[in-house]
Undergrad: 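This is the structure, below, for whatever I ask next.
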Amino acid sequence: MKKTVCELFAGVGGFRVGLERLNSGWSTVWFSQWEPGASKQWAHECYVSHFGDIKDLAGEYTTGIDVAQVNKKNIPDHTLVVGGFPCQDYSVAHTLASSKGLQGKKGVLWWQIYEILKAKKTPFCLFENVDRLLKSPAKQRGRDFGVMLSCLHSLGYVVEWRVINAAEYGAAQRRRRTFIFAYNKNTNHYKTTKKTSLEDILLRDGFFASTFPIRSNEAIREGKVSKDVENISNDFKFDFGNAGIMRDGKIVTTKATPMEEKAITLGKILENKKVDDSFFISDEKMPKWTYLKGAKRIERTSAAGYKYVFSEGPIAFPDPWDKPSRTMLTSESTLNRSTHVVEDRKTKKLRLITPIEAERLQGFEDNWTNTGMPQRMRYFCMGNALVTHMITRMGRTLDNIIDAEE
Ligand SMILES: C[S@@+](CC[C@H](N)C(=O)[O-])C[C@H]1O[C@@H](n2cnc3c(N)ncnc32)[C@H](O)[C@@H]1O
């Protein structure tokens, strides 16, 4: 089996960077990246400037259009499909109650993945999404992920998942994401693992447990998912743990705790050189930043006219050097509570992180996004991306799996 990849929702190429770093023969045969509603496709341009564009089987360039418009039959054959599918609907920016999940506008892109798997019969899949995917929607907890499991089950896949916080596995950023690994029952990997108990796969031998070691003192819970997606949409509810597996419709899940690994701190990735004056916080803006980062209690009125008190605690200001950073969002560098503010190494004054530091937090080469896009978009693309080292680590396990295929 060849190490060929189709990278969906490719952004600036986080999966590709993570896999190619291994130098073990991974080759991307097609990708898709299109930002809805944007007149200038900065991420696609950045991706192409690093890797070049690729024609589909009909000889057309379709990598930069809405994936829904792509004829799935024209996607080149591949062994592995990867993708961090758009997560706005589950994003931490919304409360769980207001997140629309699979029924939301962008969440429906799951059906594009489903169409591709149906058309291409891809043997292996690796997807990424925000952690709340497992809980969405609030009114029918676990339904959205249940629908995905049901789809994958109906197409003959076994599915493992894990919520991974990159900082717990040696990265400089606390970024908690759900990773989903699926393999088809026509692979050797299925044949060699089908006798292993679901519990052993979950805790020790599986794709995630062997790559990111865990322990679990919590009960192992079991459930079932049928191949009938409509049924799942209407009735399914399940409390998915942060680690789990679904095989033949049987779900086994638990709350896992990572084995301790030494984290890299924010201080380690900060610039040693002089940083441009434009990144520093002016005396004039300091009160606003102090307010945003501080504790507050504000009286608000709900849409229905009820008065309530909104309160939030303080967050570290500036962000400490001796810990991994907080999660980077697409709004990084804007006047926002979640934007990182650090003490500059040379001047000891407070400043924003630079686009290069944002790239380092996600494990990209310095200046990866310095391909002509505005500075604001460089932060945006990094907020959308993933910690590439996590993919490199998964890639090592994938190397062993693919080497054992015919
Ligand atoms: C969460 S980001 C993934 C980023 C990527 N993993 C990286 O390393 O940069 C999702 C990406 O999907 C893209 N996208 C959203 N809707 C799309 C569509 N209909 N077709 C193709 N790409 C789409 C967005 O522009 C965004 O870059």
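Atoms within each ligand, like the ligands themselves, are counted from 1 in listed order. If you read the sequence from its start, that first residue is 1, and numbering goes on from there.
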Undergrad: Numbering the atoms of ligand 1 from 1, which are under 4.0 Å from a heavy atom of Ala385?
TA: 7 (C), 8 (O), 9 (O)
Undergrad: Could you check if a side-chain atom of Ile214 sits within less than 4.5 angstrom of a side-chain atom of Leu203, using non-hydrogen atoms only?
TA: yes
Undergrad: State whether Arg175 and Glu128 are salt-bridged, where the test is any N-O pair (Lys NZ or Arg NE/NH1/NH2 against Asp/Glu carboxylate O) under 4.0 Å.
TA: no
Undergrad: Within the 4.5 Å heavy-atom criterion, are Phe240 and Trp161 side-chain neighbours or not?
TA: yes
Undergrad: Contact between Glu406 and Asn188 at the side-chain level, heavy atoms closer than 4.5 Å - yes or no?
TA: yes
Undergrad: N/O to N/O below 3.5 Å, does that happen between Ala43 and ligand 1?
TA: no
Undergrad: Pull out every atom of ligand 1 sitting under 4.0 Å from any heavy atom of Asp66, numbered as shown with elements.
TA: 18 (C), 19 (N), 20 (N)
Undergrad: Taking 4.0 angstrom as the limit and counting only heavy atoms of Pro36, give me the atoms of ligand 1 inside it, by number and element.
TA: 15 (C), 16 (N)
Undergrad: Could you list which atoms of ligand 1 come closer than 4.0 Å to a heavy atom of Gly14?
TA: 7 (C), 8 (O)
Undergrad: Indicate yes or no: does Lys349 engage Asp277 in a salt bridge with an N to O separation below 4.0 Å.
TA: no
Undergrad: Considering Gly11, Gly84, Ala68, which one's heavy-atom position lies nearest to atom 10 (C) of ligand 1?
TA: Gly84
Undergrad: Would Ala10 count as a contact residue for ligand 1, given that I'm defining contact as a non-hydrogen atom of the residue lying under 4.0 Å from a ligand atom?
TA: yes
Undergrad: Any carboxylate oxygen within less than 4.0 angstrom of a Lys/Arg side-chain nitrogen, looking at Asp248 and Lys185?
TA: yes
Undergrad: For atom 27 (O) of ligand 1, which of the options Glu35, Arg16, Glu7, Gln33 provides the nearest non-hydrogen atom?
TA: Gln33
Undergrad: Provide the number and element of each atom of ligand 1 under 4.0 Å from a heavy atom of Ser32.
TA: 21 (C)
Undergrad: What part of Leu109, side chain, backbone, both or neither, has a heavy atom within less than 4.0 angstrom of ligand 1?
TA: side chain
Undergrad: Is it true that Lys3 and Asp399 have a side-chain N and a carboxylate O under 4.0 angstrom from each other?
TA: yes
Undergrad: Mind checking whether Tyr183 and Phe181 have ring centres under 6.0 Å apart?
TA: yes
Undergrad: Can you find an N/O atom of Glu128 closer than 3.5 Å to an N/O atom of ligand 1?
TA: no
